[in-house]
Amino acid sequence: MINKVMKILIKTLQKLEIPVPEHILVERSRTSEHGHFATNLAMVLTKVLRKNPMIIAEEIVNAIEPEEDFIQKVEVKKPGFINFFLTENTLQNVVLNVLERNENFGKSELGKGKKVQVEFVSANPTGPLTVGHGRQAVLGDCIARILEWNGYEVEREYYYNDAGRQMRILGLSTYHRYKQILGSQDPMPEDYYQGEYIRDIAQKIAEEQGDKYINDPDNDIFKNSAEKAVFEDIEATLRNLDIHFDRYYNERTLYEDGRIEKVLEDFKKIDAIYEKDGAIWFKGTEFGVDTDRVLWKSVINEATYRLPDIAYHRTKFERGYDKIIDVFGADHHATYPDVLAGLKALNYETNRINVIIHQFVTLTRGGEKVKMSTRKANFVTLDELADIVGKDVVRYFFIMRNANSHLDFDLELAVTEGDENPVFYLQYATARISSIFRKADKLGIDYQKAIDLSVLVTVEELNLMYTLAEFGEVVETCEKSLEPQQIANYLQKLATAFHKFYSECVVISSDEKITHARLLLAKATRIVLVNGLQMLGVSAPEKM
RNA sequence: GCCCUGGUAGCUCAACUGGACAGAGCACCUGCCUUCUAAGCAGGGGGUUCCAGGUUCAAGUCCUGGCCAGGGUACCA
């Protein structure tokens, strides 16, 4: 609908021989007083035409050719807005359109033929995922879903490193517990991982291997067993939230197939690195960042995270993605400019990379802050949270806010499961509709028989249909903004429109014509709700 | 010090990315269930959009300078 309004405007401008601005804004009017759609076109043209916006608006409106049965009227208001009012027929046709396209209603083709990769979570396997990881997991997954809805071919990737210092400590922590299980009294060093999961892993090793490794703290069995167990746990957690990765990419392979070295060689060729104090530095200042950074440490003979990150992102370019999306927590904020600078130096189109930074989740318990650390094991795991409130609530809660905002998650509130939860409001709408159809089926109503939607004319019905049509617009907006919270906001709006309709308009009545039409409208509404919830990975129950 | 991100109703947040009168939920009042689910609907109170300037037809939104909060600023990731 919105595209059709846009086309009409462009056609009219061409007819008047007015140059068409590169970006015409047509938006949904905020209040019904202003019609269904509005444009600021006349005001934008003021500068070009050097005329009063009201006059321009009038000229445009007078030149608009009446489009069969699409627009009811066009108005000019105060500073120069042009407001479009659609006919009832236009709105009623939305229902037919939804029913026809069904589970595909709302899909766009903006990304047709394009490949995109979304990297997210990427937590090293040192322990269970925390609530903090949860936000990123759900955000990344929803972004991937948004892109799928826009026709992209999407790959979800999890990048990790099992070779660093953290992982060494993980192995040692496991060894230490193992030793304790076999009778050692040595207390656990403070900087070791204290979590209960370490004890379980050690227990298993002790049971299967006995005391074979009692004097061998560096044996790979500790680190490897821990890594395996932790990863299984992480994957299970993600599975519980309906999150699935296409690939787990291990940093180590970058070393194994020589990509790390290759980056250094190529940097050398273009004179982007130099040696100082025995370390290798990247000339960041020559490639757009504030300072030069170390790529290879001299103190311990190994790379900083920057080098493998550059090599890793290089593979993303080599793998031919049209769009590359990195989802990071705010703590990683400082890391990516250097990586981008490095890639730019290597002549890659870094504008294909889209970095999404989300702020932290602060966990509170009855208003009191809960500090979290994997090491100290005083965190609440994502699994525990999902057990308490359920997948739908977890997912919805994490994406209902803008990624840039801090997220307060009150555990006590989540546990009470009260009306506080906006997810229920949405799901309630789907359940109500299902309930209507249970009754319709019981009565054997054949609402598909003679379709006549012209009887849908109440304020609530028209508004509901108008809102249904918005779904596609929202999906397309999200293709650029990558903000799942816009889907959530839209669904709230749709649910409200439905609940209002529900309370004002009795669906199944003695009037057969109205009953049939309203059933079709309810069906269309359920389709859009389900589609939208599917984009968020939230279920649409038939009963509550 | 410098760099990011926030600051909107008592609380938690929206606001179509510069549009018209800043909107929801919770909380607080008042109504509505013998009819498809009251986890709902209708109505009410509640605002200097942190402060001060600026840009323009138009600023919560953009620019400059403050104040507050969080994150970053390593040869940690």
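In what follows, chains are A, B, ... by sequence order, proteins preceding strands, each numbered from 1. These numbers were taken from a predicted model, which means no experiment stands behind them.
Atom CG in D511(A) sits roughly 16 Å away from atom C1' in C36(B) (whole-Å rounding). U5(B) atom P lies 7 Å from atom CG of N404(A), rounded to whole Å. Atoms NZ (K77(A)) and C1' (A58(B)) sit 18 Å apart, rounded to a whole Å.
Within 4.0 Å of D277(A), counting heavy atoms only, lies at least one base atom of the nucleic acid. Contact annotation for K493(A): no contact, since no heavy-atom pair falls under 4.0 Å across all strands. Within 4.0 Å (heavy atoms only), S434(A) reaches no atom of the nucleic acid at all. Contact annotation for K480(A): no contact, since no heavy-atom pair falls under 4.0 Å across all strands. If you check every strand for non-hydrogen atoms under 4.0 Å, Y305(A) touches a base. Within 4.0 Å (heavy atoms only), A38(A) reaches at least one base atom of the nucleic acid. Nucleic acid contact class of A334(A) (heavy atoms, under 4.0 Å, all strands): sugar-phosphate only. No contact: V474(A) has no heavy atom under 4.0 Å from any strand.
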Evaluate the side-chain hydrogen bond (donor to acceptor under 3.5 Å, both in side chains) criterion for residues Y312(A) and E157(A): first the C-alpha distance (whole Å), next the side-chain angles of each, then the deciding distance (0.1 Å), finally the verdict.
CA-CA 12 Å; Y312(A) 173 52; E157(A) 188 155 298; 2.7 Å; yes

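If you check distances only, the side chain of N40(A) does reach the base of G19(B) with a donor-acceptor pair under 3.5 Å. Donor-acceptor pairing under 3.5 Å, judged by distance alone, is absent between the side chain of N402(A) and the base of A15(B). Put simply, the side chain of S298(A) and the base of C75(B) share a donor and an acceptor less than 3.5 Å apart.
For Y502(A), whose side chain is taken as the heavy atoms from C-beta onward, the closest listed nucleotide among C36(B), C41(B), A20(B) is C36(B). In the set G6(B), C76(B), C41(B), the nucleotide with an atom closest to the side chain of K297(A) is C76(B). Of the candidate nucleotides G40(B), C41(B), A77(B), G40(B) has the atom lying nearest to any side-chain atom of R432(A). Nearest nucleotide to the side chain of Y428(A), out of G70(B), C16(B), G40(B): G40(B). Residue L25(A) places its side chain closer to U17(B) than to any other of A39(B), U17(B), C57(B).
Side-chain contact between T467(A) and Y490(A): present, with at least one pair of heavy atoms (C-beta onward) separated by less than 4.5 Å.
Proximity of Q485(A) to the phosphate of A15(B): a side-chain N or O atom is located under 4.0 Å from OP1 or OP2. Put simply, R28(A) has no side-chain N or O that comes within less than 4.0 Å of OP1 or OP2 on C16(B). Checking the phosphate oxygens (OP1, OP2) of C13(B), no side-chain nitrogen or oxygen of Y396(A) falls inside 4.0 Å. Checking the phosphate oxygens (OP1, OP2) of A74(B), no side-chain nitrogen or oxygen of T335(A) falls inside 4.0 Å. Taking 4.0 angstrom as the limit, K47(A) places none of its side-chain polar atoms (N or O) nearer than this to OP1 or OP2 of C57(B).
E119(A) and K316(A) are joined by a salt bridge, as a carboxylate oxygen and a charged side-chain nitrogen come within less than 4.0 angstrom of each other.
Where stacking is scored as ring centres under 5.5 Å apart with planes under 30°, H34(A) registers as stacked on the base of A20(B). A stacking contact links F81(A) to A20(B): the aromatic ring centre lies within less than 5.5 Å of the base's six-membered ring centre, and the planes differ by less than 30°.
A donor and an acceptor atom, one from each side chain of Y425(A) and T496(A), are located under 3.5 Å apart. A donor atom on one side chain and an acceptor atom on the other are not found under 3.5 Å apart for S108(A) and E479(A).
Taking the ring axis of Y466(A) as reference, the NZ or CZ atom of R28(A) stays within 45° of it and closer than 6.0 Å to the ring centre.
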